[in-house]
Amino acid sequence: MTRYIFITGGVVSSLGKGIISASLGKLLQSRGYRITIQKFDPYINIDPGTLNPYEHGECYVTADGQETDLDLGHYERFTGIRTTRDNSVTTGRIYSSVIERERRGDYLGKTVQVVPHITDEIKRRIQLKATKEDLDFVITEIGGTIGDIESQPFLEAIRQLRWELGSSQALNIHLTYVPFIAAAGELKTKPTQTSVKQLQGLGIQPDVLVLRTEHVLGDDVRRKVAHFCNVDVEAVIQSQDLPSIYEVPVNMERQGLDAICLKKMGIEPGAEPDLGEWLGFLEKRKNASSVLTIGLVGKYGLQDAYKSITESLAHAGTFHDCKVKAVFINSEEIDRNNVHDRLEGMDGIVICPGFGQRGIEGKIISAEYARTNDIPAFGICLGMQMMVIEFARNVLGYHDADSVEMNPGTTHNVIDLMEGQKTVTMKGGTMRLGEYACSLVPGSRVWEAYGRVDSIMERHRHRYEFNNLFSREFEGKGMSLVGKNPESDLVEIVEIPSLRWYVGTQFHPEYSSTVLKPHPLFMDFIKACIEYGNS
Ligand code: GLN
């Protein structure tokens with residue numbers, strides 16, 4: 001029997017529903033259960049691939065090529081379990097399949113309505129994973145906050161499912177906020193009470209409440225909330241600010257979030273979850289002696305835009321016993337005159353992924369600075385492309401070298417549109433997405449980094465690619481093409497072997513780094529940064 005846990009949020013957004021979902025998944029997994037975590041987002045875009053990162057942060061990509069919300073990155077990093085396209089659903093996807101069915105004639109004679117057709121489709125999607133895999137628990141996070149107009153069909157679907165499945169098979173966790181009013185010196189529970197009332201008004205009684213707070217809540221506050229919201233005191237859990245998101249599972253376990261969920265579904269919790277390796281990671285992280293400063297050269301100046309990269313750096317840093325301080329450096333503000341000031345003191349530089357013209361000259365100048373000063377540098381996707389362009393301009397002497405994404409008329413199109421992309425006109429979901437094989441050149445730095453394997457799989461999200469017509473010239477002048485797709489011959493990795501660590505990947509290694517399995521390239525990069533910092 002598969003059990004369903006729904007996670008909703010109230011009062012305000014950004015309370016960390018994704019982290020709570022990932023943490024609960026981690027705890028149930030550590031108890032030996034087979035789990036999956038999925039995200040249902042109420043917006044109308046079919047997927048977040050067409051969204052600017054300023055809207056919802058980084059766009060994450062699953063191995064099977066679905067562009068998803070960044071919370072899926074948390075799910076994978078916490079549990080190490082890969083998600084698929086079924087783990088990410090939006091209103092757009094729901095409506096588009098219902099409309100397609102209507103056109104096919106599946107509902108002939110009937111008026112197609114939000115209830116029951118849209119809600120039925122939501123219910124079908126919630127249960128879809130469990131029809132394909134043996135799962136004990138499906139955790140479904142509902143994006144947005146209750147009260148949003150667009151969330152209504154999702155909440156109605158949850159209400160129906162809970163009724164149909166019964167309390168031993170379906171459970172609701174509601175995450176709310178308990179603000180501290182400094183002037184009054186008090187923690188306020190009213191927003192939580194109101195939010196729960198709103199949920200009850202929709203026919204959903206939360207079984208567990210997680211209260212997000214910046215201050216530790218006393219038992220009196222928890223009792224008060226329990227009393228007003230028809231929830232057991234032991235099912236009122238607090239989620240206070242912690243130094244790291246990776247401490248959340250431990251905090252949740254201490255307060256018995258997983259045990260209470262099991263009990264409410266009629267399962268005797270038994271022994272505590274085995275968090276041994278996870279605790280080892282936290283211990284190592286706490287005791288990390290040195291601090292490494294890594295510059296992230298990119299154009300999106302918000303915390304979540306490069307989430308998977310900062311997390312991958314943190315995983316690899318902990319592995320090498322150091323804390324990584326990732327400093328955002330706005331590439332739009334970098335020019336020849338200030339590049340030294342901006343990048344001085346960095347132990348390493350990441351040239352970030354991205355799209356379009358804005359900020360790319362700063363990335364190219366940064367690549368040049370790293371190359372000529374032999375600072376460890378990691379170019380990812382657009383970052384790799386900028387390393388290639390910089391090399392073509394300054395080493396091969398092609399001053400107009402460019403990507404056709406930025407300059408379609410350039411005669412030195414060292415980054416070109418992929419052949420298969422030339423006929424593509426639609427923007428959504430049409431990039432080269434998801435996992436592809438890459439053969440590594442034996443003896444190269446990356447081959448060593450990956451543990452001397454000949455072939456790897458990595459996830460992609462791009463339209464443009466290294467132009468193989470220039471291969472010989474790059475190789476001849478010292479930039480080696482050390483990873484290629486075995487079928488298409490597309491260049492996936494470049495490196496300059498004569499430098500300390502200068503690697504660009506067309507793929508996104510950051511999507512597959514997890515807490516317990518940091519990514520080999522990030523580990524090798526951090527190692528080089530430590531050595532550089534000590535030199
Ligand atoms: N804009 C580049 C391309 O489409 C790089 C994309 C990226 O960095 N994800 O190829």
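In listed order, ligands and their atoms are each counted from 1. Count residues from 1 along the sequence.
- Thr62 places a side-chain N or O within 3.5 Å of a backbone atom of Gln66 that can act as its donor or acceptor partner.
- The protein non-hydrogen atom at the shortest distance from atom 4 (O) of ligand 1 is Arg463 N, 3.0 Å.
- Results of the side-chain contact (heavy atoms from CB on, under 4.5 Å) test with Leu313 over Leu292, Ile526, Thr318 single out Ile526 as the only residue that passes.
- Of all atoms in ligand 1, numbered sequentially from 1 with element shown, those under 4.0 Å from a heavy atom of Leu382 are 5 (C), 7 (C), 8 (O).
- Remark: Asn485 CG to Cys438 SG distance equals 7.5 Å, nearest 0.5 Å.
- Scanning the protein for heavy atoms near atom 9 (N) of ligand 1, the closest one is Arg461 O, 2.9 Å.
- Annotation: Tyr464 places an N or O atom under 3.5 Å from an N or O atom of ligand 1; distance criterion only.
- Contact between Met431 and ligand 1 is absent, with no heavy atom of the residue lying under 4.0 Å from the ligand.
- For ligand 1, the atoms lying closer than 4.0 Å to a non-hydrogen atom of His508 are 9 (N).
- Nearest protein heavy-atom neighbour of atom 1 (N) of ligand 1: Glu405 OE1, 2.7 Å.
- Between the side chains of Thr68 and Asp47, no donor-acceptor pair is found at a separation under 3.5 Å.
- Nearest residue to atom 5 (C) of ligand 1 from Ser403, Pro353, Gly354, Gly298 is Gly354 (criterion: closest heavy atom).
- For atom 7 (C) of ligand 1, the closest heavy atom belonging to the protein is Cys381 SG, 2.9 Å.
- Side chains of Glu311 and Tyr246: a donor on one and an acceptor on the other come within 3.5 Å.
- Not a single N or O atom of His462, backbone or side chain, sits closer than 3.5 Å to an N or O atom of ligand 1.
- Screening Glu510, Arg77, His519 against Ser308 for a side chain to side chain donor-acceptor pair (under 3.5 Å) leaves a single residue, Arg77.
- When all heavy atoms of Arg445 and Glu495 are compared, the closest pair comes out as N-OE2, 2.9 Å.
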